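Scroll down for the structure; my scribbles are underneath it.
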Amino acid sequence: MDLGIRGRKAIVCAGSKGLGRGCAMALAEAGVDLILNARGADALAATANDIEAATGVSVIPVAADITTHEGRAAVLDAAGAVDILVTNAGGPPPGMWTDWSREDFIKALDANMLAPIAMMQATLPAMIERGWGRVVNITSQSVRAPIAALGLSNAARSGLTGFVAGTARQVAPHGVNINNLLPGIHATDRAISLDTGVAKAKGISLEEAKAERCATIPARRYGTPEEFGATCAFMCSVHAGFMIGQNVMLDGGANNISI
Ligand code: NAP
């Protein structure tokens with residue numbers, strides 16, 4: 001299917017690895033030029049080269065912490081006006097409700113709520129002016145089905161979801177669509193780090209922790225960054241013009257939620 005976005009320009013935040021990289025590659029395969037961000041310059045440069053070599057689009061890497069004002073300014077300066085924004089950042093650590101201080105909450109809110117909101121506030125005006133735009137926020141299945149150990153993530157991402165629910169309706173009349181993409185468990189570094197935590201807590205191996213988790217997923221496997229990226233690219237396509245303010249979950253059927 002031609003996604004109808006060849007020649008468009010996108011910012012992909014936190015995109016050197018994992019789900020962000022999957023989204024960047026899929027958009028590039030659809031012919032979208034990229035401003036690609038992550039903190040670590042080496043992995044970012046390697047991913048930018050891989051994507052350029054595989055697709056022939058232009059990829060401008062910007063090594064910066066997207067949770068800071070300075071980091072966002074660097075990305076936005078390099079990008080100028082864009083048609084597509086994919087927001088993303090690292091996820092907060094798991095723990096107990098007794099573990100977290102005000103500073104921990106502020107950090108989680110900065111990464112998983114306030115950074116995506118700031119990126120939307122910076123990029124939406126030009127999309128509205130041109131009458132076309134797409135925003136996909138990478139959030140989590142924990143928005144729909146909160147995970148006990150991920151209190152920081154549950155809290156911050158719920159705030160972002162609330163912001164999107166209202167804002168998506170405010171910008172839709174201008175041809176700008178905002179939606180959220182909710183990963184269930186996917187095979188990335190983040191999944192390895194979560195499984196390592198479970199393995200340690202239960203005194204089992206990493207492979208056993210992964211097998212236990214797979215057994216709870218009807219698809220009996222983890223999702224892939226490629227599948228995730230393809231869904232993101234569709235949500236940024238001309239074909240998703242009637243999709244407004246949705247929370248699209250990719251979880252292999254793990255959460256038995258009827259709507
Ligand atoms: P990942 O494999 O660990 O990749 C994270 C990417 O984000 C890397 O490119 C990393 O590069 C970049 N990054 C992290 N913090 C950043 C920051 N402050 N500024 C700029 N770039 C940053 O993680 P993932 O699995 O793709 O997860 C992406 C998001 O989805 C996370 O918020 C995660 O919690 C959420 N999620 C993932 C899963 C899953 O199963 N994988 C499930 C639910 C939710 P640098 O470290 O070099 O900056």
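Since the model is a prediction, treat every value here as computed from it, not as a measurement. Quick note: residue numbers are just sequence positions, from 1. Note that ligands are numbered from 1 as they come in the structure, with each ligand's atoms numbered from 1 the same way.
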Have a look at ligand 1 and work out which part of [X], if any, has a heavy atom under 4.0 Å from it: side chain, backbone, both or neither.
X	answer
Ala89	backbone
Asn37	side chain
Ala64	backbone

| message | Would you say atom 5 (C) of ligand 1 makes contact with the protein, given that contact here means a non-hydrogen protein atom less than 4.0 Å away? | response | no

Give me the residue, atom name and distance of the protein heavy atom closest to [atom].
atom	answer
atom 1 (P) of ligand 1	Arg190 N, 4.1 Å
atom 22 (C) of ligand 1	Ala14 CB, 3.7 Å
atom 28 (C) of ligand 1	Asn88 OD1, 3.4 Å
atom 16 (C) of ligand 1	Arg39 NE, 3.4 Å
atom 47 (O) of ligand 1	Gly40 N, 2.9 Å
atom 43 (C) of ligand 1	Pro183 O, 3.2 Å
atom 18 (N) of ligand 1	Asp65 OD1, 2.8 Å
atom 19 (N) of ligand 1	Ile66 N, 3.0 Å

Does [X] reach the main-chain N or O of [Y] with its side chain, forming a donor-acceptor pair under 3.5 Å?
X	Y	value
Asp189	Lys17	no
Asn112	Gly90	yes
Glu208	Ser205	yes
Arg190	Gly18	no
Thr216	Arg213	yes

Return all side-chain donor-acceptor pairs below 3.5 angstrom for residues 159-170, not counting sequence neighbours, or 'none' if the list is empty.
unit_1, atom_1, unit_2, atom_2, d
Thr161, OG1, Arg157, O, 2.7
Thr167, OG1, Phe163, O, 2.9
Arg169, NH1, Ala165, O, 3.0

Heavy-atom side-chain proximity of [X] to [Y] below 4.5 angstrom:
X	Y	result
Leu19	Thr188	yes
Asn49	Val59	no
Leu124	Val176	yes

Mark up the atoms of ligand 1 that fall under 4.0 Å of a heavy atom belonging to [X], in ascending order.
X	value
Gly91	31 (C), 32 (O), 34 (O)
Thr139	35 (C), 44 (C)
Thr67	18 (N)
Asp189	2 (O), 3 (O)
Ile185	40 (O)
Ser140	43 (C), 44 (C)

| request: Examine the side chains of Asn137 and Thr139 and answer whether a donor and an acceptor come within less than 3.5 Å of each other. | output: no

| said: Tell me whether His239 at atom NE2 has more than 12 heavy atoms from other residues, nucleotides or ligands lying less than 6.0 Å away. | reply: yes

| query | Is it true that atom CD of Glu129 has more than 12 heavy atoms of other residues, nucleotides or ligands lying nearer than 6.0 Å? | reply | no

Between [X] and ligand 1, does any nitrogen or oxygen pair lie at a separation below 3.5 Å?
X	result
Ile138	no
Leu19	yes
Gly20	no
Ser16	yes

| task | Not counting sequence neighbours, which residues clear salt bridge (charged side-chain N to carboxylate O under 4.0 Å, His left out) with Asp50? List them please. | result | Arg21

| note | Looking at His186, Arg213, Arg157, Gln141, the heavy atom closest to atom 35 (C) of ligand 1 belongs to Arg157

| task | Please confirm whether Thr68 comes under 4.0 Å of ligand 1, counting heavy atoms of the residue only. | result | no

| request: Work out whether the distance between some heavy atom of Gly184 and some atom of ligand 1 is less than 4.0 Å. | output: yes

| request: Show your working on salt bridge (Lys or Arg N to Asp or Glu O under 4.0 Å) between Asp83 and Arg130 and close with a plain yes or no. | output: CA-CA 9 Å; Asp83 309 292; Arg130 293 201 303 273; 2.9 Å; yes

| From Cys13 SG over to Ile138 CD1, what is the distance, rounded to the nearest 0.5 angstrom? | 9.0 Å

